[in-house]
Protein chains: 2
Amino acid sequence: MVAGAMAPLGEGSDDPVLPDLPRGPLHAARARASFPWKELALFWEGPDMLRFKKNIFSALENDPLFAHPPGSLSLEKYRELNFLRCKRVFEYDFLRVEDLLGNPLRVLALIQCLGMYDWSLATKFFLHTLTFGSAIYSSGSERHFKYLPKIFNMEIFGCFALTEVSHGSNTKAMRTTAHYDPTTEELIIHSPDFEAAKFWVGNLGKTATHAVVFAQLYTPGGQCHGLHPFVVQIRDPKTLLPMPGVMVGDIGRKLGQNGLDNGFAMFHKVRIPRQDLLNRSGDITPEGTYVTHVKDARQHFSESLGSLSSGRVAIAGMSVVNLKLAVSIALRFSATRRQFGPTDEEEVPVLEYPMQQWRLLPYLAAAYALDHFSKSLFLDLVELQQGLLGKDRSARQAELGREIHALASAGKPLASWTAQRGIQECREACGGHGYLAMNRLGDLRDDNDPNCTYEGDNNVLLQQTSNYLLGLLVRRDQDGARIESPLKTVDFLEAYPNLLGHGFEASSPEDCLDSSVPLAAYEWLVCYLLRESYQKLNQEKQSGSNDFEARNNCQVYCCRPLALAFLELTVVRRFHEHVHQPDVPPPLRAVLGRLSALYALWSLNQHTALLYRGGYFSGEQAGKTVENAILALCAQLKDDAVALVDVIAPPDSILNSPIGRADGELYKNLWSAVLQQSKVLERASWWSEFSANKPVLGSLKSKL
Amino acid sequence: MVAGAMAPLGEGSDDPVLPDLPRGPLHAARARASFPWKELALFWEGPDMLRFKKNIFSALENDPLFAHPPGSLSLEKYRELNFLRCKRVFEYDFLRVEDLLGNPLRVLALIQCLGMYDWSLATKFFLHTLTFGSAIYSSGSERHFKYLPKIFNMEIFGCFALTEVSHGSNTKAMRTTAHYDPTTEELIIHSPDFEAAKFWVGNLGKTATHAVVFAQLYTPGGQCHGLHPFVVQIRDPKTLLPMPGVMVGDIGRKLGQNGLDNGFAMFHKVRIPRQDLLNRSGDITPEGTYVTHVKDARQHFSESLGSLSSGRVAIAGMSVVNLKLAVSIALRFSATRRQFGPTDEEEVPVLEYPMQQWRLLPYLAAAYALDHFSKSLFLDLVELQQGLLGKDRSARQAELGREIHALASAGKPLASWTAQRGIQECREACGGHGYLAMNRLGDLRDDNDPNCTYEGDNNVLLQQTSNYLLGLLVRRDQDGARIESPLKTVDFLEAYPNLLGHGFEASSPEDCLDSSVPLAAYEWLVCYLLRESYQKLNQEKQSGSNDFEARNNCQVYCCRPLALAFLELTVVRRFHEHVHQPDVPPPLRAVLGRLSALYALWSLNQHTALLYRGGYFSGEQAGKTVENAILALCAQLKDDAVALVDVIAPPDSILNSPIGRADGELYKNLWSAVLQQSKVLERASWWSEFSANKPVLGSLKSKL
């Protein structure tokens, strides 16, 4: 049966899509798995996607430009190499538009494959092609389409300039201005002062020739029409020197993603043609009259939800990639690293310790659960965008936009924080070897970190989701509207508040080994937090707070956990349904069911205090039952861990971590990498500073 | 009164110990404080310590060698600069032995001052002087004291070589050997294979000439006497070239502390004189007979507890420093960064948001609470070491050693994890500006990170503390011994198990505004977890687990939280007592009381699920009361935050973070630092790679 399933993957050919993994110390751990890993890979990705990813990975592996140089590069050198690699990605043209229509998930897969290799490359490439490109395509009109072919032959290089040095989250408060001058039919782009400089813009530091710049549009007479996007030339493509009036530079080293050149720009009365206003939501006539088809702020907002969501959905997927890589490294390490044992003579792999299992296996389960969620949300987004392209103005389309916006606004925080904490746990679980840069856990942490704050700070974004949920309740109370949504993520709230009468019914850990138990608990929990948030908000308003204060005072212990719990419920539900569908191959059902239950219970257990407080749990046994079920699931999954990692880990050359290689030759791989580094055995160039010039103890004491 | 208190600090002189802070945007926030910050600084540190720190900071500030170069350095350059700075620290000789006896806290203060500047420097200096030096002093005997003056004139440079590439936590399993050859009266140091190489050793990579190497000692006939320390020469001090038979090198870039050269070494039958065995616990006669005064493993263990504890106590203090620096940066940023507001026109500092307060202020309180704890524990350790030096073999001395070991083994995990999470929260709370390397939050995170895993992985260390607590219960049950300890940290357990009948009595947030409420809850909690751990351990043993398995199966949800809760209780208790003592100046009592209550409640709130589960909390109100008290304390403390930071932050030149400078000129400072970086406005050297050599889309497609 396995052989049959593998046939479409070229099993037996010289270059199979899923080659056997090298034998080595990990072989024994792999052999203990309860399921065939290749069958899970096929079920999880599908043959088309496996082939697509294999093509990308093989190209990078076989091209010396993508070889990882030992040691670290200077900022300048890393930027150069990253730029050359970015050009090479164009030459490979991994993703043609016609392929894309057949399987839109390929976009996500391409981002993720390049990111698995190096996020600096992925962000550089996609900021230019997708972010800059789609800003022009979707905010502009036909007069701007001339820019699109120039993106793909790299005649120009683009960036997206929204954030200013003093404003990020509060986009409305951006201070760059665009004044229209009807005498020349030009717009004058200007930064009033240093605090209004565009800042943090990826690709702007050294490479961008053009930017989509957001500025407050003023018509003659001084009326402000709000923030609009403009195409502004930054540098001369022939020389890469700045255009007159543009002060552009590099913001310097960041915690991670240093192959990407983030930059700043100030504009001193830079004139651009009127036509370079991206005019989808508003335009200026040659005489200087502002015209718009947008009726009100609400419609404008509604139309922009799709593009806001797409960034967040992409970031959720990027975070999942980082989590996958980190757990792959830490679990392969843990299955081969031995320390202590029942006797002084015998040492056991650290993965045999319940503590190590509990530290790592929930993050493995989270990687699967969030991977499924992020792919499913991406497909929902594709549906939304197809509706937008088809000019669907139905109520369902609008409702779908709001639902996806709510899911993306909490999905990004949940995924990025889970990855952040998971990578940190993996780094610590690998001890000193996790602290060695070559093993990559530091880069993963550093490259994942901005996912928590860009495209909206996580804590700020969560308010979008809680506002959405509170809005549903208000609508029901005021208009008697049913609580339902196109993707059905909120339909269970129809049972609010009756659902709050439910209680926990499992009485033994065995009862909890299916994710339906935590799923029911999560439905109660979201109802409980919704009620708490709703009541608190009303109390605040009744006690005289204005809307701004009232909302701010409800965030910490009400709205924030409400948004997170709702998203966790959605992730748990989608994963639960995915692994319980009838077409799951029988050999995979047990392991997938365990992953689903482990993720659900482990997530839920963060909220045990609320389950007790609100009366869903009562008595000592309830809390203990959940804990014991988590430990039982960890014990059941530990022998499957290495095979589960084999499904999600990229090839060794992409994973690029000596302690995480597939053969498990931990120390041989580590030594080989250590000895490849520059001047590893050589005396330091400054050795004579030790041998001569001895310090005299206290000789500078008089200076104190 | 304030003026009076300041007189000994040289107020009014040209160079006061506590100079006024520069005026700027932070002035308004500072002026809102409920207390005079200089008076708190004086109370917190004492005039002697303030002067000592001021001397160190001034020396570094005035010496160009310690100026921070803009941008980042290559590994080679950073190592060189760090070595030169280390030599300079000898020349300043900040800490003379006679000063030390007067105030032993000065050692801790010197480590912390140098660490505030750069941990690479602090670790390089102290690994050589303290770790290497005291290993020789306390493990050796008079015949080794010849090495000590050579340490201080830098004739030699030392390191401490215990960890091997395949063994860290399990020290007993180290595999380097030392065979005695009576014919030449030499010891033969040998690494049997690559896996036994010494690895991770700080200073070994490029600079050490000598190492204290731990190896299994064998006498002729083949008997192994266990792990012993030996002085082994690694490099020739004249040339810094390796000694014959020593393969020594650098392990490469780490996540942080890259100014320090961590290294590896393999020994190929390296012969050293018999005398270079550090013979405090065992020696070899010229004929090859092993002699020891140590009666049994228990005595050997007991004698080594002090040195194990000192590393952990130091690391707890180092972690606190990192937390102090991070909250200083994030809170000054939050008091000056404005985003959104009640109207579109008015933006408020982000510190005005309850969410931002809740994210940061508990970590500020933690910095104070843990700072006090780490200093008090250091003084306890000094008492222990004075007993050791005085050959005190009393039962109290032994008991003190065990108690301090238990406190240090959980104190290091609690402090390092609190710092880890606090720095991450600070980094996120500063948004993109927190992700900019120059603002230092990344370096703090990276430099703090090893505190979680070295000198014992945190999760492994916690077992020492839970074993200690369980042992007290066993001794009481078996021998009827009273539960009490020299430092009285466990005396409350005399009330076990009766204390478990207590319940939470506060009914309004106002009741919780004093830390005595959470203190009582913590005593209950520790008793509860002690009972859970004890019962679980017995269940495991009764169901047939051997001791190894039984202990492993009790860690996750019993022993681990037991150890952490016990340490949190101790930190809360010591801070509570410190701020409620009669000599606290009246103007400081309110703010210190709030810090104490906030830290206590916020820590306790992590355990709310257990408080409910075990019946200490009942009803919805208990949990809400604690949450509301936390939010109320945050609101009360927000206007004191900047002044509280002024007390713990070093001068700007040491803090070295543009967004954290004392004047609060956030954007001016940021721009000034951005523009100082190398080639910030210059075109990239590889610009022609863009302008010429355009990629042809899909030209390499055929290679796929």
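Computation of the quantities below employed the complete heavy-atom set of this structure, encompassing side-chain atoms and omitting hydrogens, waters and symmetry-equivalent molecules.
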Query raised in the report: What part of A/Trp687 is in contact with chain B, defined as an atom under 4.5 angstrom from a non-hydrogen atom: side chain, backbone, both or neither?
Result: both

Requested in this report: Please look at A/Leu675 and chain B and tell me whether the side chain, the backbone, both or neither of the residue comes under 4.5 angstrom of a heavy atom of that chain.
Outcome: side chain

Report task. State, to 0.1 Å, how close B/Lys703 and A/Tyr92 come at their nearest heavy-atom pair, and which atoms those are. Result -> CB-CE2, 4.4 Å

Query - Distance-minimising heavy-atom pair for A/Glu428 and B/Gln420 - result: OE2-CG, 4.5 Å

Query raised in the report: Salt bridge check: are A/Arg359 and B/Asp457 linked by an N-O gap of less than 4.0 Å?
Result: yes

**Report entry** Residues A/Glu627, B/Arg613: salt bridge by 4.0 Å N-O rule
**Finding:** yes

Report task. Measure up the A/Tyr612 and B/Tyr612 rings against each other and bin them: parallel (under 30°), tilted (30 to 60°), perpendicular (over 60°). Result -> parallel

Query raised in the report: Which word best sums up how the rings of A/Phe264 and B/Trp671 line up, parallel for under 30°, tilted for 30 to 60°, or perpendicular for over 60°?
Result: perpendicular

Taking C-beta and beyond as the side chain, do [X] and [Y] meet within less than 4.5 Å on heavy atoms?
X	Y	value
A/Asp446	B/Arg445	yes
B/Phe199	A/Leu436	yes
B/Tyr435	A/Gln257	yes

**Report entry** Modelled atom types, side-chain donor and acceptor of B/Arg683 and A/Thr239, under 3.5 Å
**Finding:** no

Requested in this report: May I have the step-by-step check of side-chain contact (heavy atoms from CB on, under 4.5 Å) for A/Val674 and B/Phe194, ending in yes or no?
Outcome: CA-CA 12 Å; A/Val674 166; B/Phe194 270 104; over 6 Å; no

Requested in this report: Using the side-chain contact (heavy atoms from CB on, under 4.5 Å) rule, take A/Lys694 and B/Asn153 through it: C-alpha gap first, then chi angles, then the decisive distance, then the call.
Outcome: CA-CA 7 Å; A/Lys694 296 288 181 186; B/Asn153 62 17; over 6 Å; no

Requested in this report: Return yes if some donor-acceptor pair links the side-chain N/O of A/Lys206 with the main-chain N/O of B/Glu682 below 3.5 Å, else return no.
Outcome: yes

Query - A/Asp449 and B/Gln424: CA distance, side-chain angles, deciding distance, side-chain contact (heavy atoms from CB on, under 4.5 Å) verdict - result: CA-CA 9 Å; A/Asp449 215 36; B/Gln424 181 67 28; 2.9 Å; yes

